Amino acid sequence: MKRQLFNIFILGLLLTFVSCKPDPEPTSQVANIAKGLFVLNEGTFTYANSSLTFYDPEADTVENNLFYRVNNAPLGDVANSMMLDETGMYIVVNNSKYIYKVDPKTMKYKSKLDGLTSPRHIMSINKNKAYVSDQESTGLWIINPETMQKTGFVELGNTTERMVRVGDEVVVTNWSNFYQPETSNSTIQFVNIDSNSLVAEMEVAPEPNSIVLDKNNNIWVLCSGGYMPPCEPALFCINPSSREIVKRFDFTDGDYPSSLTIDDAKENIYFLNGGFGTLSLYKMSVDEETLPSTPLVDSQQPTTDGQSRVFTNVIVSNDGDIYLTDVKNYVQNGEVLRYTSEGEFVTSFPAGIVPGTMMFN
């Protein structure tokens, strides 16, 4: 009994310490950021070991643990996404339920917005307004990036994930209903940015996980199909003005497509597909009428150490180079691999634990 009381006392102290943890205090160190690629490492769930990596492609140099080195504090628990606009750089930390604002040139901490439920992604509307999606709340948070204050909420009736802007509308994917079982996880919704209101929604396939805008002003939505059978993985090309499906591509049962992205010219889309944990990279023109059958980069082709890759995310630079995150076993530090637009290996560099979202500055 005494030991139980002691353990409860210690737990109380720990919770008090965590809840009262002060904001980061920048050190004398600064990171002189050139043009390059930010890699946000999610870390291990509940371990608060997220980190930030920066890669300079021209110099082929990498810096890890940037945020910690400059601010003498960890990023937090599960860093999920980033945004860069005229007011600063923003890092969304999902399980810690806050957003950090930093100087994009030095990585010095500027401010923090907390009190969110389960923030996922952030999209700039203008310097005084941004939307933040949420995995547990049924809508979008409206925040002021300059003041780092919540200014409103767009009620959508579903949880929200990825976003893309088309004119005066933002198209939002409804990816998960894990925390809100009565809501949809197979729709996309159209939000007017002037009235901050829902204007339309469309049915797609289960778990629309990513969305992009192409050169024809069509949106592409990639759906994993869900975990439970019958799974229906599919890729949609949609006219956002008429709300009509232009093309639909169905994957085979057992596929798990994710991480849809598009090149700078908005002519070719890239996505990961395969069995869960064995995803390879595929490339497809937006004018194609069939899904590609051969991967551009095969994750199962053994590396020099005889191991296959565990790809989780992809991004394409403005010169066409492709970057893929390899999370390895989700416990050790991951890696980012760089390829040409034709899928030829260029180089690789080390990252933190579970490298995920990437962003060019």
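Since the model is a prediction, treat every value here as computed from it, not as a measurement.
- Look at Glu86 and Lys127 and you find no salt bridge, because none of the NZ, NE, NH1 or NH2 atoms lies under 4.0 Å from a carboxylate O.
- Considering CE of Met358 and CE of Met82, their distance stands at 8.5 Å, rounded to 0.5 Å.
- One finds no salt bridge joining Glu58 and Lys35 here, because no Lys/Arg side-chain nitrogen approaches an Asp/Glu carboxylate oxygen to under 4.0 Å.
- Grouping the Ile, Leu, Val, Met, Phe, Trp and Tyr side chains by contacts below 4.5 angstrom, directly or via other members, places Tyr339 apart from Ile315.
- Between Tyr256 and Tyr227, the two ring planes are tilted [angle within 30° to 60°].
- No salt bridge links Lys110 with Asp23; every basic N to acidic carboxylate O contact stays at or beyond 4.0 Å.
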Ser280 vs Asp298, side chain to side chain donor-acceptor pair (under 3.5 Å): CA-CA, chis, key distance, verdict: CA-CA 5 Å; Ser280 294; Asp298 188 350; 3.2 Å; yes
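- When each of Phe349, Phe38, Phe360 is tested with Tyr55 by the rule ring pair (Phe, Tyr, Trp, His ring centres under 6.0 Å), just one qualifies, namely Phe349.
- The number of heavy-atom neighbours closer than 6.0 Å to NZ of Lys105, taken from other residues, nucleotides and ligands shown, is 12 or below.
- Contact check on Asp321 versus Arg338 returns a salt bridge, with a Lys/Arg side-chain nitrogen under 4.0 Å from an Asp/Glu carboxylate oxygen.
- Because its NZ or CZ atom is both nearer than 6.0 Å to the ring centre of Tyr98 and within 45° of the ring axis, Lys112 counts as a cation-pi partner of that residue.
- Under a hydrophobic-cluster definition in which Ile, Leu, Val, Met, Phe, Trp and Tyr are linked whenever side-chain heavy atoms come within less than 4.5 Å, directly or via other members, Trp175 and Ile188 are assigned to different clusters.
- In the hydrophobic clustering of ILVMFWY residues, with side-chain heavy atoms under 4.5 Å counting as a link, Phe311 and Tyr323 come out apart.
- For CZ of Phe178, the number of neighbouring non-hydrogen atoms (other residues, nucleotides, ligands) closer than 6.0 Å is 12 at most.
- Ile125 CD1 to Arg165 CZ: the interatomic distance, rounded to the nearest 0.5 Å, is 5.0 Å.
- In this pair, Trp220 and Phe249 present their aromatic rings parallel. The plane angle is below 30°, not in the 30 to 60° band.
- Using the six-membered ring where Trp is involved, Tyr100 and Tyr109 have ring planes that are perpendicular, over 60° apart on the 30 and 60° scheme.
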